[in-house]
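Here is the structure we will look at, set down as structure tokens.
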Amino acid sequence: MKNSFYETLIERLIRVTGVLVILFLALIFLFLLREGGATFFEASLRDLLRTRWYPNEEQFGLLPLVLGSLMVTLGAAVVSLPLGLLTAVFIAEVAPRWVREILKPFIEVLAGIPSVVLGFLGMLVISPLIREHLGAPTGLTALSGSVMLGYMALPTIISVAEDALDAVPKSYRDAALALGATRWQTIWRVTVPAARSGILTAMMLGIGRAIGETMAVMMVTGNAARMPLTLNSFLMPVRTMTATIAAEMGEVAQGSTHYHVLFAIGLVLFLVTFLINLIAAWTIFRQGKRYGRLLS
Amino acid sequence: MIDRPGRWCYNLNSMHKPIAVSILFILLIVLAACRPAAGEAGEAGVAIQNVGSDTIVNLALAWAETYQTQNPDARIAVTGGGSGTGIAGLINGTVNIANASRQMKAEEMEAAEENGITPVEHVIARDAIAVIVHPSNPVDNLTLPQLSDIFSGRITNWSEIGGEDRPIVLLSRESNSGTHVYFLEQVVRLGDKHASILFSPDTLLMPSSEGISAEVRQNPNSIGYDGLGYVTPDQKTIAVAADAGGPFVPPSIETVNSGAYPIARDLYMYTNGEPQGAIAEYLNWIRSTEGQKIVGELGFVPLEVE
């Protein structure tokens with residue numbers, strides 16, 4: 001009797017927490033919509049699609065900010081996804097046990113370094129390197145931001161992907177090896193595909209971290225709201241959406257158009273991450289069905 | 001799994017409220033505790049309302065804090081909001097001292113007289129902006145029109161103004177800083193109120209003075225500006241002339257106080273009539289050697305104390 005009472009209680013509690021997550025998400029979205037929605041009455045869509053961001057003079061072109069964020073995030077993905085996946089494969093599949101036991105906790109410690117500290121590192125170490133060796137006029141560039149963000153996303157990607165690889169049943173590997181597959185073939189054709197959903201989650205979390213990161217980006221990207229249209233834009237400064245919100249929210253007059261536009265930027269960021277997650281979930285679902293048939 | 005930006009905004013909404021509420025509570029308790037003491041101290045215990053310019057607000061806060069620790073009876077309440085806010089408060093009689101980074105306009109003077117208020121102007125500090133470059137940069141002198149062309153993006157290479165063949169990297173404070181606005185109006189637009197020239201979109205907006213000085217120290221391509229008090233010896237300051245014919249004046253406490261350096265302005269406090277009692281004492285202290293020492297510490301230019 002007593003047992004079943006606790007059972008129901010705990011079950012209810014867990015259900016409530018689960019529902020709360022969705023509720024919070026909906027509330028956040030509503031809040032952003034309430035504060036940012038006014039933008040679309042105060043500034044026309046044409047104003048928002050202009051190429052100049054200078055809020056002091058009521059110029060609210062969001063394009064340079066959106067493109068800036070996308071560019072830095074794309075760069076970060078190029079830096080961190082292959083490196084993160086390969087490191088995870090190394091730790092989970094190749095490295096001897098003792099190496100693995102050293103590497104894993106160290107990588108998790110990396111995740112705990114505050115982003116301001118990494119920002120200083122980027123400002124004082126990475127940006128001079130980029131200026132001196134790549135011929136950029138300044139070291140505070142999109143590339144510096146991408147490298148910093150890639151570095152910050154790595155621990156998340158490695159840690160989650162490694163867990164996913166670790167969870168693949170040993171019998172899969174044994175079966176592959178017994179069929180005469182080499183170690184490389186086993187990893188690439190069996191283990192990694194079997195862990196795909198976890199690996200994809202790892203990548204999404206990593207990219208989510210990159211697109212939402214603020215402090216380090218603000219310190220190393222130079223924050224110039226220019227349109228990054230040419231390929232050499234990676235060697236020029238950019239201004240991201242997050243840095244814009246962080247830099248301007250503190251001083252903006254509440255209820256002004258500028259204030260609403262900053263929330264609209266938050267809304268755009270929210271939608272972008274939501275979209276990324278949605279695509280990821282959909283990919284996992286679709287592949288899950290296909291591989292599910294193959295493996296079962 | 002989702003969403004740093006979302007979480008951030010959630011923070012802003014719900015997490016700050018309890019903090020704000022608790023700060024409010026603490027303030028209330030402190031205020032309640034202060035009440036009887038203020039009553040005993042009589043007239044002098046009533047808080048001086050010091051409102052206005054956001055450029056001056058940190059300076060005004062520093063003054064108020066130091067002054068209140070030295071004179072436990074004095075109570076000074078400092079608020080920002082902009083020069084216009086402070087002056088409007090003075091005109092309405094809700095503000096004892098209005099801080100302003102500009103002089104009062106004629107229409108504000110008229111409005112004050114209609115309300116029976118006679119504003120008296122006090123210069124309390126000076127604000128000068130130094131143009132800084134990397135120490136190895138051979139360029140020593142620039143005119144204001146040249147600076148305007150550089151920061152609006154019409155001049156993009158140092159060789160056009162007598163330097164090496166290098167691209168110019170522009171550094172500025174964020175657009176919400178008072179220094180940014182002042183530099184835009186006075187240098188980029190050359191003081192023309194109707195001009196619509198902006199900073200070049202390639203301008204790097206740095207979140208702090210330290211960001212600007214770090215980049216200027218490292219990067220021989222860069223040019224930036226900052227409050228004179230924040231300039232360190234490892235940056236090179238440019239001597240500035242108002243126009244091509246004028247003399248090039250390096251920024252220093254002397255040239256700012258003599259009015260020779262062109263990118264400088266006075267900072268003001270306005271009172272209703274000649275200040276009396278506690279307000280007079282406070283203003284005198286501000287203009288003393290001790291008050292002006294704080295001016296220098298916050299990056300402004302101290303007045304010459306007789």
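Both backbone and side-chain heavy atoms feed into the values below; hydrogens, waters and symmetry mates do not.
Ranked by heavy-atom pairs shorter than 4.5 Å toward chain A, the options B/S175, B/P167, B/P220 are led by B/S175. Ranking A/M227, A/M241, A/M123, A/H258 against chain B, the residue ahead of the rest is A/M123, based on heavy-atom pairs under 4.5 Å. The candidate with the highest count of non-hydrogen atom pairs below 4.5 Å against chain B, out of A/V21, A/N223, A/T221, A/V238, is A/N223.
Atom OH of A/Y151 sits in a sparse spot, with 12 or fewer heavy atoms from other residues, nucleotides or ligands closer than 6.0 Å. Within 6.0 Å of OH in A/Y54 there are more than 12 heavy atoms belonging to other residues, nucleotides or ligands.
Heavy atoms of B/E174 lying under 4.5 Å from chain A belong exclusively to its side chain. Looking at A/E35, neither its backbone nor its side chain comes within 4.5 Å of chain B, counting heavy atoms on both sides. Contact annotation for A/I276: neither backbone nor side-chain heavy atoms come within less than 4.5 Å of a heavy atom of chain B. With a 4.5 angstrom heavy-atom cutoff, A/Q59 touches chain B only via side-chain atoms. For chain A, no part of B/S222 is nearby; none of its heavy atoms comes within less than 4.5 Å. With a 4.5 Å cut-off on non-hydrogen atoms, B/S200 touches chain A through its backbone but not through its side chain. Of the two parts of A/A225, only the backbone, made up of N, CA, C and O, holds a non-hydrogen atom closer than 4.5 Å to a non-hydrogen atom of chain B. Of the atoms belonging to B/I168, not a single heavy atom falls under 4.5 Å from chain A. In this structure, chain B has a heavy atom under 4.5 Å from the side chain of A/S127, while its backbone stays farther away.
With rounding to the nearest 0.5 Å, the separation of CZ in B/R217 from CG in A/L124 is 8.5 Å. One distance of note links CE of B/M206 with CG of A/L140; it measures 5.0 Å at 0.5 Å rounding.
Counting all heavy atoms, side chain and backbone alike, A/A224 lies closest to B/P201 at CB-O, 3.6 Å.
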(request) Under the side-chain contact (heavy atoms from CB on, under 4.5 Å) rule, what do A/R131 and B/V169 come out as? Steps first, then yes or no, please. (result) CA-CA 12 Å; A/R131 193 187 72 243; B/V169 171; over 6 Å; no
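A donor-acceptor contact shorter than 3.5 Å is absent between the side chain of A/R239 and the backbone of B/L205. Using a distance-only test at 3.5 Å, with no hydrogens or angles considered, no donor-acceptor pair links the side chain of B/D202 to the main chain of A/P237.
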